[in-house]
Amino acid sequence: MASDEAPKPAADRIRVVGKWVGALEVELGAWTVPMLRAEVARRVGDGVEPERVGLIFGGRVLKDEPPASLREAGLKANAKVLSSLASPDRAKEIAAEAAKAKAEEEHAARLVRLWDAAKAMSQRHTDGSFLEGEDYNLDLEDQSGQKVMFGSVDDMKALKMALMLHQKAKTQMKRKRYKEALDVLIMAEEAFSLCDSKLIEKVDNVPMLQLDIVWCYFVLRDVSCLEVAGTRLEKARVGFERSHGKDSSRFRVLQAGRQADLAIYVRLELLEGVVAYHNGQTEKASGYLTSAQAKYLQLQVPDEAISMLMDMGYEARSAKRALKMTGYDIQSSVDLLCEEREKKIRRQEEDRERQREILEQMRYGKTPMNKAVDLQKLKGLTNIGFEKYLAAEALRINENDADKALDLLTNPEENCILQNKIQAKRSRATRSSSSRAAAARTARGTNNRQAFVRAPPHAVDGNAPPDAANGNLQEGNHADGNLPEGNDVDGNPPEGNDVDGNPPEGNDVDGNPPEGNGAQLLDSQEAMINEESVNQDVVMTDEVAVNDEETNSHPVPARDVSMESELAHELTGDALDDYDIEVSDEGQAIAEYLSLLESAASS
């Protein structure tokens, strides 16, 4: 009786010489180099590990990576393979070298991902081409928390990119991963070099970067970088004097007389002293180190002062930072803490406003170049009397060119064509909305708690608000991120709310109905959906732009979501964070090098 099994491929024979001599029956298309190595090790015996076996064919070493079949490695039937056996210690060295090479390759690939993610984010958050699902916005702020415009669009992109990379490196430094941080700092330096040099001279971000690079040299004990370290420190010193003023006079004015930069100069003068010491300039080194030690002692905050502020309700870390930056003055520390709290509240309000703008832009759809509708230009068109949804569509299809949009809107024939196009889309969207409403009623019958979920926006600094940890959407938004049905084309709330968008009387501050009104709430929601399914005039403007073939003329590039999220969530938005350095390591290094100077002097 014939068998249904497919015949196995005929095995090929290869000859092995060297440490083990013999012939092996193998399937060249199925066997890999590690399999051949393991088989030779088994034939050698004595418990030899496969890692100790070396294989050479055609004058080249057969490697395990990348994984390939023997045929792909070049072997044919009757091929001759030379085998060798390394000593156990050498085998370990080879394995360690292979592991190191693999780790370096993975690190290099990660750096490429990091650069590409920072570049893509800076591009989108400068030209307005936001993506759906991004619940944060990247803006540039000065030390007072005010939004700033910095040079040209290209300068803005490069600066945002550099600052994201620098922040990533500082996070790695805090985790004591100095080698990885150094590579990212070099990338950030390259991004800064893309900015107009005359513009970045006005800020202290580049001197801070130079200082961080040299600190990594010092912690890694990289003596080979001694010469370049001196050059970088000179650039940092000049940069700080240019941006902070001589003796930090300009910085003190901006910081209301506070010494927030003291820790920066402790690290700078310590490193200058170390470089001078290793260059044989002992007198110069002594001057730098003595000055660094004096500043270091000023940063040693008394426990009693911290306890006083903690008794007022402040956290220990915030209290210590405020005291260091104000010279232990309790009243000045309280003033600083109050200012920081006010800035945080103001930033949260600005973030909420910006989030509302982003949601509004999403409702209007993307331009053919995948950019959001410019709200300032939209406001200009609505101020002269055009309907918002019509003006938004005119801007969208004209790539935010206000002049072209105005020409379209003022041309009766083109205006009529645009309105007909919008009306046709509204009709399609309404039919789709009716089916979604039916599905929503079915889901509501199963669990009325799933009708609305909450997802507060992330702040500009990328940190999630308190409720974001629950993974919920904003109240009043559907699970797909859209605003509640029933809003008009301008995004206004349904009737029943007052002009400020507040809920009707009888609801609590969160907009929830009083207890006992759950059934009435469900009835009103269902009635609202039923009304919308038959009223074609109440259609959101995002449904106007949906499924528009023109919008997809420039497809959105692939996005590294995990890397972008990692970068965004490490941005703090804290203007004083760069100056809040824990200088305990600096204090130990100062004492060590002063001791070396004393020993050299006594000898």
Side-chain angles (χ1 to χ4, degrees), residues 127-132 356-438 477-478 480-497 499 501 528-556:
D127 63 17
S129 54
F130 308 112
L131 296 178
E132 291 185 11
R356 285 192 289 268
E357 292 178 353
I358 292 174
L359 290 174
E360 182 179 358
Q361 288 174 314
M362 288 181 178
R363 292 202 304 272
Y364 299 140
K366 297 293 184 66
T367 70
M369 294 289 291
N370 287 318
K371 296 182 180 180
V373 171
D374 190 314
L375 295 184
Q376 291 298 321
K377 294 179 180 179
L378 176 60
K379 184 178 179 181
L381 291 175
T382 55
N383 284 343
I384 58 178
F386 294 105
E387 294 184 63
K388 181 177 282 189
Y389 75 93
L390 195 61
E393 182 68 0
L395 283 170
R396 189 188 70 79
I397 64 178
N398 284 291
E399 203 62 52
N400 283 319
D401 189 317
D403 293 334
K404 290 183 179 180
L406 184 59
D407 291 342
L408 186 153
L409 293 169
T410 54
N411 185 312
E413 182 177 349
E414 292 185 0
N415 190 307
C416 183
I417 293 173
L418 181 63
Q419 292 194 50
N420 289 336
K421 182 179 178 181
I422 292 174
Q423 188 60 40
K425 292 177 184 176
R426 281 183 167 184
S427 299
R428 292 196 302 269
T430 302
R431 288 193 295 270
S432 175
S433 178
S434 298
S435 61
R436 289 201 305 270
N477 285 16
H478 291 297
D480 59 6
N482 295 324
L483 295 178
E485 295 179 4
N487 286 13
D488 63 19
V489 293
D490 294 334
N492 297 321
E495 293 182 357
N497 287 12
V499 293
M528 182 172 62
I529 293 175
N530 289 334
E531 180 181 356
E532 289 179 348
S533 66
V534 297
N535 186 356
Q536 296 186 1
D537 291 332
V538 186
V539 180
M540 290 171 55
T541 50
D542 63 338
E543 294 170 337
V544 172
V546 77
N547 295 328
D548 193 340
E549 294 82 359
E550 296 176 3
T551 304
N552 297 324
S553 60
H554 288 76
V556 178

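Numbering of residues begins at 1 and proceeds along the displayed sequence. Remember, it's a predicted structure, so these values are computed and weren't measured experimentally.
Here the side chains of Leu408 and Ile397 are in contact, with some heavy-atom distance below 4.5 Å. The shortest side-chain heavy-atom distance between Phe386 and Thr410 falls under the 4.5 Å cut-off.
When atom types are taken as modelled, the side chain of Arg396 and the backbone of Val373 share no donor-acceptor pair closer than 3.5 angstrom. Under a 3.5 Å cut-off, the side chain of Lys377 and the backbone N or O of Leu395 do not form any donor-acceptor pair. Between the side chain of Asn400 and the backbone N or O of Asp374 there is at least one donor-acceptor pair closer than 3.5 Å. Under a 3.5 Å cut-off, the side chain of Asn383 and the backbone N or O of Lys379 do form a donor-acceptor pair. Without hydrogens or angle criteria, Asp401 side chain to Leu406 main chain gives no donor-acceptor distance under 3.5 Å.
Considering only residues two or more places apart in sequence or on other chains, Glu399 meets the side chain to side chain donor-acceptor pair (under 3.5 Å) condition with Thr367. Residues satisfying the side-chain contact (heavy atoms from CB on, under 4.5 Å) test with Ile417, not counting sequence neighbours, are Glu413.
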For Asp403 and Asn398, run side chain to side chain contact (heavy atoms under 4.5 Å, CB included): C-alpha distance rounded to whole Å, both residues' side-chain angles, the deciding distance at 0.1 Å, then the answer.
CA-CA 9 Å; Asp403 293 334; Asn398 284 291; over 6 Å; no

Mind running side chain to side chain contact (heavy atoms under 4.5 Å, CB included) on Leu390 and Ile422 for me, showing each step along the way?
CA-CA 8 Å; Leu390 195 61; Ile422 292 174; 3.7 Å; yes

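Taken from CD in Gln419 to CD in Glu393, the straight-line distance is 11.5 Å, to the nearest 0.5 Å. To the nearest 0.5 Å, atoms CD (Glu414) and CG (Leu409) are separated by 9.5 Å. Once rounded to the nearest 0.5 Å, the distance linking CG of Leu378 with CD of Gln361 reads 9.5 Å. The NZ atom of Lys421 lies 7.5 Å from the CG atom of Leu418; values are rounded to the nearest 0.5 Å.
Side chains of Glu360 and Tyr364: a donor on one and an acceptor on the other come within 3.5 Å.
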